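Below is one structure, written out as structure tokens, with a few remarks after it.
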2 protein chains.
Amino acid sequence: MKLNDITIKDIAERANVSKSTVSRVLNDLAIVNPKTRETVLEAVESLGYQANVFARGLASGRSMTVGVVTQKIGSPFYDMMMQGVIQGFTGTGYSPIFVDGQWEQNTELDVIRTLMGRKVDGLILLGGDISQKDLDDLRDRMPTIVVGKDVAGWEDQCVYVDNFSGAYDATNHLIEFGHREIAIIRGIMHHQDAIRRFQGYAQALSDASIDLDPDLVLDGNFSAQSGILAVNSLLMRGKSFTAVFCANDMVAYGARLALQRKGIRVPEDVSIVGFDDQAESSYVSPPLTTVRQPGVEMGVVAAEALVKLMQGGTCELPVMKALLQRRESVSRIISP
Amino acid sequence: MKLNDITIKDIAERANVSKSTVSRVLNDLAIVNPKTRETVLEAVESLGYQANVFARGLASGRSMTVGVVTQKIGSPFYDMMMQGVIQGFTGTGYSPIFVDGQWEQNTELDVIRTLMGRKVDGLILLGGDISQKDLDDLRDRMPTIVVGKDVAGWEDQCVYVDNFSGAYDATNHLIEFGHREIAIIRGIMHHQDAIRRFQGYAQALSDASIDLDPDLVLDGNFSAQSGILAVNSLLMRGKSFTAVFCANDMVAYGARLALQRKGIRVPEDVSIVGFDDQAESSYVSPPLTTVRQPGVEMGVVAAEALVKLMQGGTCELPVMKALLQRRESVSRIISP
DNA sequence: GATGCGTCTGCAACCGCTTTCAACTAAATG
DNA sequence: CATTTAGTTGAAAGCGGTTGCAGACGCATC
């Protein structure tokens with residue numbers, strides 16, 4: 001570990017060249033005599049030189065940092081994406097700087113402003129609530145990738161999973177196992193994910209000629225607590241159901257607990273499926289059948305795409321597949 | 001949302017003063033005529049001026065960013081601390097930039113170097129493995145706070161929880177409930193936390209005049225999988241035990257699952273206690289008795305302390321208490 | 001009225017790097 | 001041998017702030 005009070009000038013002197021030349025070999029954006037180049041590199045090495053980012057940023061206008069707006073550090077799915085983003089940027093020379101939008105539109109705009117103040121070269125938005133207009137404005141201003149939701153007109157700057165088909169598959173799985181009274185605990189309904197998942201659920205029912213029973217549709221907010229509340233209200237209303245499709249895994253945990261508290265067994269009496277496949281879901285009791293979102297990959301893909309974008313290229317982003325993980329929280333209904 | 005191609009010069013012209021004056025009111029480090037001040041502020045406001053961090057950084061030497069080294073984004077406990085850190089810095093003018101050490105000493109040194117290259121004004125290390133010597137070096141170079149472990153000689157730059165007494169309390173809780181054959185699944189034993197927790201466990205046993213049975217001491221690595229493995233090996237050896245104290249909650253989940261697979265009920269047949277109290281633990285089955293680490297608070301405290309440190313002050317850091325959360329994974333042993 | 005002393009402000013020199021532009025060298029061409 | 005030409009290089013002008021220093025001004029003091 002070395003401290004760096006060494007500037008480009010020191011290198012220049014040491015290598016007997018001008019600052020310009022040093023800068024050139026460091027950024028190799030012009031032809032430099034291989035021998036000179038060697039000398040400079042040696043000087044850099046032996047002095048342990050590291051360029052001052054401020055000076056570089058000021059002069060070049062590029063900061064080599066990118067802003068990443070997450071919604072809630074500590075939320076399993078967003079954390080996976082963050083991991084992916086970090087992974088995707090390692091070795092590219094860009095450093096991500098993370099800020100938290102706290103699921104709040106104004107906070108989000110604020111932190112983006114801060115980020116722009118820090119002159120980030122690009123932006124990755126993980127989820128988020130800001131309006132299409134603001135989004136469009138943003139895109140005009142700097143390379144931006146949105147992760148975890150699809151935005152109209154942003155086809156090539158968006159990486160998201162196909163929530164619809166994920167939910168469809170999950171619901172269909174329940175149907176195939178003989179379930180017909182399938183409740184759903186939805187997420188926050190102004191979130192796109194929540195809407196798409198609900199649509200997938202509805203479509204699967206409809207395709208199986210099962211009427212969607214509004215009494216089986218509960219609203220939640222992606223928290224375990226909301227899963228508990230939803231199940232309790234379902235139970236209180238005396239509504240009969242054999243399965244619950246949950247907005248995400250946390251909700252599923254809550255739902256399972258609420259059921260157990262009433263002496264209802266999972267999956268013997270009621271089946272449950274979640275969404276996300278967070279790390280714990282393989283180990284809870286019973287191991288949770290859920291839809292796996294490839295969070296880490298999404299992060300990686302987003303980072304790589306942004307790098308391309310920042311370098312003036314374009315990119316084509318795949319729609320990520322959400323895959324059903326069959327575990328043990330769903331059981332077959334024996335038709336009477 | 002406004003773009004900022006506006007420089008201090010624009011403000012100066014608009015307000016009919018010199019750049020210096022603008023700079024002065026912006027940093028208020030000299031007396032400026034209230035009226036002039038007002039004019040400048042107005043200009044700033046109406047033009048939506050935001051200082052260029054590079055220019056400022058270059059000129060002043062301060063970057064107003066701090067580096068935060070975490071070990072693994074996505075790991076519940078570290079995430080909590082990150083949240084806390086973000087929270088602690090909001091409104092201070094400093095932005096944290098997060099990097100991931102990946103639980104790897106060399107990676108960790110690398111990322112710290114990167115951070116120093118970015119001229120961070122201070123450093124927060126969440127956990128980490130780097131040697132005391134490197135740590136001491138680091139401290140000489142810049143304000144540093146270590147979170148999640150206690151380092152000799154760093155009493156006032158360390159925020160950590162009392163793992164020993166947390167583990168002691170947890171073990172003691174089991175003992176009070178009549179358990180005498182208490183297994184432990186330890187963490188990675190070159191981690192301080194793991195060591196301290198084991199010591200707490202051992203002490204509690206000893207204070208209750210229970211001999212520590214080496215056969216009941218299993219090694220794990222903080223993962224759910226290692227919990228499964230440990231329990232299986234315990235079972236295979238036919239060792240009798242009525243309780244398991246786990247290195248953390250993930251291990252506890254794994255342990256619970258492994259027991260269930262063998263038809264052993266928790267808590268009726270075997271009691272379990274974890275460590276961390278991650279979000280899911282209240283909702284798993286049975287809700288997990290565990291030791292709560294105040295991760296968020298630790299992050300906040302660390303951030304606040306670092307700010308003080310960077311401003312040339314000193315700080316006194318409290319040892320955080322780890323509190324036992326009694327839930328339902330521990331049952332009383334009816335003495336025969 | 002000259003002097004002294006705060007108060008407030010502008011000038012200009014950096015901070016360390018990038019980047020244009022011109023210049024210089026040596027080899028290639030006519 | 002004069003003239004291109006391509007390959008290299010250095011000087012210098014910024015980039016947008018901060019900050020030491022000197023100067024201008026108003027006012028009390030002598």
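Fair warning: this is a prediction, and the values are worked out from it, not measured in the lab. In what follows, chains are A, B, ... by sequence order, proteins preceding strands, each numbered from 1.
Across all strands shown, Val22(B) has no heavy atoms under 4.0 Å from either base or sugar-phosphate atoms. When heavy atoms are screened at a 4.0 angstrom cut-off, Arg37(B) is found touching no nucleic acid atom at all. As judged by a 4.0 angstrom heavy-atom cut-off over every strand, Ser23(B) is placed among the base-contacting residues. At a threshold of 4.0 angstrom between heavy atoms, the contacts of Val53(B) with the nucleic acid are absent. If you check every strand for non-hydrogen atoms under 4.0 Å, Ser20(A) touches a base.
With axes fitted over five pairs at each extremity, the angle between the ends of the helix from dG1(C)-dC30(D) to dG30(C)-dC1(D) is 60° (10° resolution).
The distance from atom NZ of Lys9(B) to atom P of dC11(C) is 12 Å, rounded to the nearest whole Å. Rounded to whole Å, the distance from NZ on Lys19(A) to P on dC21(C) is 18 Å. Atom pair Asn33(B):CG and dG10(C):C1' shows a separation of 15 Å (rounding to whole Å applied). Summarising the geometry, the separation between CD1 on Ile11(B) and P on dG16(D) is reported as 13 Å, rounded to the nearest angstrom. Taking atom CD1 of Ile8(A) as the reference point, atom C1' of dT18(C) lies 8 Å away to the nearest angstrom. The distance between atom CG of Leu26(B) and atom P of dG16(D), rounded to the nearest whole Å, is 16 Å. We find that CG of Asp28(A) is positioned 13 Å from P of dT19(C), with the value rounded to whole Å. The distance from atom CD of Glu13(A) to atom P of dG10(D) is 13 Å, rounded to the nearest whole Å.
Centroid-to-centroid, the aromatic rings of Tyr78(B) and Trp103(B) come within less than 6.0 Å.
Distances shorter than 4.0 Å separate some side-chain N or O of Arg62(A) from OP1 or OP2 on dT19(C). Between Thr21(A) and dG10(D) there is a side-chain N or O to OP1 or OP2 distance below 4.0 Å. OP1 or OP2 of dT9(D) lies within a sub-4.0 Å distance of a side-chain N or O belonging to Thr36(A).
The heavy-atom pair separating Ala194(A) from Phe222(A) by the smallest distance is CB-CZ, 4.1 Å. Here the closest heavy-atom approach between residue Trp154(B) and residue Asp136(B) is recorded as NE1-OD1, 2.9 Å.
Each of dG10(C), dG16(C), dC8(C) was ranked by its minimum atom distance to the side chain of Ile31(B); first place goes to dC8(C). Nearest nucleotide to the Leu58(B) side chain, out of dT18(D), dG10(C), dG16(C): dG16(C). Nearest to the side chain of Ala59(A), among dT9(D), dT18(C), dT9(C), sits dT18(C). Minimum atom distance to the side chain of Val32(A) is reached by dT9(D), of the listed dT19(C), dT9(D), dT18(D). Closest to the side chain of Val17(B), out of dG10(D), dC17(C), dG10(C), is dG10(C). Considering only side-chain atoms of Ser60(A), the nucleotide from dT19(C), dT8(D), dC17(C) that sits closest is dT19(C).
In this structure, a donor-acceptor pair under 3.5 Å is present between the side chains of Asp150(B) and Gln192(B). At a cut-off of 3.5 Å, with distance as the only test, a side-chain donor of Asn27(A) or Arg56(A) sits close to an acceptor on the other residue.
Inter-residue side-chain proximity for Val146(A) and Lys149(A) is flagged as met; some heavy-atom pair is nearer than 4.5 Å. Between Leu115(B) and Ile97(B), the closest side-chain pair of non-hydrogen atoms falls below 4.5 Å.
Atom CG of Asp10(A) sits about 6.5 Å away from atom CG of Leu47(A), to the nearest 0.5 Å.
When the nearest nucleotides of DNA chain D are assigned to Ala30(A) and Thr7(B) by heavy-atom distance, the more 5′-ward of the two goes with Ala30(A). Residue order along DNA chain C, read from the 5' end via each residue's closest nucleotide, puts Asn16(B) first among Asn27(A) and Asn16(B).
Checking side-chain atoms of Gln83(B) against main-chain N and O of Ile73(A) turns up a donor-acceptor pair under 3.5 Å.
With hydrogens and angles left out, the side chain of Arg24(B) and the base of dG20(D) share a donor-acceptor pair within 3.5 Å.
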